[in-house]
Amino acid sequence: MDRETFEITAVAHVVGGRIEPTDDYWGGTRAIIRIDDSFPVDSVAGLAEFSHLEVVFRFHLTDPADLHPGARRPRDNPDWPPSGIFAHRNMRRQNWLGVSRCRLLAVDGLDLHVEDLDAVDGTPVIDVKPWFQEMGPRGDVHQPAWPTEMLRDYYAPKPS
């Protein structure tokens with residue numbers, strides 16, 4: 001099978017919030033997803049009725065040489081098993097795409113005020129979708145123990 005390539009245009013950028021990506025303490029982080037002004041204001045009509053968004057973005061600060069497609073230990077922790085690139089959710093990916101679910105606090109024109117978005121200031125946003133409960137996982141959800149341990153403080157408030 002031939003690998004397909006294509007071009008994607010950012011529809012928005014993250015404004016504010018964190019300036020550096022970190023592994024933990026994203027809880028309470030507020031930012032704005034500023035939709036490009038080439039979109040009409042009514043492109044966000046009805047969005048304020050939703051509590052959460054699903055945001056697809058590009059890890060724009062990732063070093064292209066820092067790609068690890070093979071198995072490696074999450075966060076280099078020797079207590080966690082080696083896992084391949086498709087068993088991770090981090091930035092070391094072929095296309096540097098991330099997906100985040102965040103709270104929508106307000107819609108102000110083309111500015112979407114959000115909380116708990118784990119993307120930094122300047123991040124290109126590829127797409128924004130409202131979160132529908134019906135699109136969540138169906139059936140029993142299971143995972144190994146290491147993600148629960150690793151992400152214990154991911155959405156905790158940043159310590160003072």
Side-chain angles (χ1 to χ4, degrees), residues 8-64 66 74-77 80 83 85-160:
I8 294 176
T9 302
V11 299
H13 284 84
V14 175
V15 176
R18 295 219 183 154
I19 58 171
E20 292 180 35
T22 59
D23 284 336
D24 291 309
Y25 305 114
W26 289 92
T29 300
R30 291 189 175 196
I32 295 171
I33 298 171
R34 180 159 291 148
I35 296 175
D36 189 86
D37 62 9
S38 65
F39 287 90
V41 173
D42 67 358
S43 65
V44 296
L47 195 59
E49 300 296 317
F50 293 89
S51 63
H52 289 78
L53 302 175
E54 191 163 42
V55 180
V56 181
F57 60 90
R58 187 164 194 277
F59 290 112
H60 70 295
L61 300 178
T62 301
D63 177 357
D66 191 19
R75 294 191 184 176
D76 297 321
N77 186 324
W80 297 331
S83 303
I85 191 171
F86 297 115
H88 287 265
R89 290 185 56 96
N90 65 29
M91 62 199 156
R92 293 174 185 92
R93 316 193 67 74
Q94 178 70 44
N95 293 306
W96 303 289
L97 293 180
V99 178
S100 184
R101 287 167 195 91
C102 60
R103 278 190 270 275
L104 176 61
L105 303 174
V107 176
D108 179 18
L110 293 173
D111 284 353
L112 310 179
H113 295 259
V114 297
E115 184 174 70
D116 299 340
L117 174 66
D118 55 347
V120 298
D121 184 58
T123 297
V125 174
I126 307 305
D127 204 359
V128 175
K129 300 171 186 279
W131 176 255
F132 294 173
Q133 287 180 325
E134 294 76 10
M135 299 303 287
R138 291 165 305 288
D140 293 335
V141 175
H142 60 89
Q143 65 183 30
W146 66 263
T148 301
E149 186 178 337
M150 179 179 72
L151 299 173
R152 177 178 45 243
D153 293 325
Y154 197 79
Y155 283 112
K158 191 172 183 175
S160 308

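The figures that follow rest on heavy atoms only: side chains count, while hydrogens, waters and symmetry mates do not. Numbering starts at 1 and runs along the sequence shown.
- In this structure K129 satisfies the salt bridge (Lys or Arg N to Asp or Glu O under 4.0 Å) test together with D127, sequence neighbours excluded.
- Within the 4.5 Å cutoff, the side chain of W80 has no heavy atoms near those of the P147 side chain.
- Residues C102 and V55 approach most closely at SG-CG2, 4.0 Å, considering heavy atoms.
- Within the structure, salt bridge (Lys or Arg N to Asp or Glu O under 4.0 Å) pairs that include any residue of residues 135-154 do not occur (at least two apart or interchain).
- A heavy-atom distance below 4.5 Å is found between the side chains of W146 and S83.
- Taking both residues in full, the closest heavy atoms of F57 and S100 are given as CE2-CB, 3.8 Å, listed atom of the first, atom of the second, then distance.
- Contact detail for P21 and L61: the closest heavy-atom pair is CD-CD1, 3.9 Å.
- Using modelled atom types, one side-chain atom of R93 and one backbone atom of H88 make a donor-acceptor pair closer than 3.5 Å.
- Remark: R75 pairs with D23, D24 by the salt bridge (Lys or Arg N to Asp or Glu O under 4.0 Å) rule, at least two apart or across chains.
- The shortest non-hydrogen separation linking F59 to R89 is CZ-O, 4.4 Å.
- Residue pairs meeting the salt bridge (Lys or Arg N to Asp or Glu O under 4.0 Å) criterion with at least one member in residues 103-124, sequence neighbours excluded: R30-E115, R34-D111, R103-E115, R103-D116.
- The shortest side-chain heavy-atom distance between L53 and L47 falls under the 4.5 Å cut-off.
- Going from atom CD1 of I35 over to atom CG of L112 covers 4.0 Å, rounded to the nearest 0.5 Å.
- Interatomic distance, OG1 of T62 versus CG of N95, reported as 11.5 Å (0.5 Å rounding).
- With sequence neighbours excluded, no residue forms a salt bridge (Lys or Arg N to Asp or Glu O under 4.0 Å) with D36.
- The aromatic rings of Y154 and W26 sit tilted relative to each other, their planes meeting at an angle between 30° and 60°.
- Scored by the salt bridge (Lys or Arg N to Asp or Glu O under 4.0 Å) test, D42 finds no partners at all (sequence neighbours excluded).
- Contact of the V120 side chain with the V14 side chain is not registered, since no non-hydrogen atoms from C-beta on lie closer than 4.5 Å.
- Closest of all the heavy-atom pairs between W96 and R58 is CE3-NH2, 2.9 Å.
- When every heavy atom of E54 is checked against every heavy atom of W131, the shortest pair comes out as OE2-CZ3, 3.7 Å.
- Within 6.0 Å of the CD atom in E20, the count of heavy atoms belonging to other residues, nucleotides or ligands does not exceed 12.
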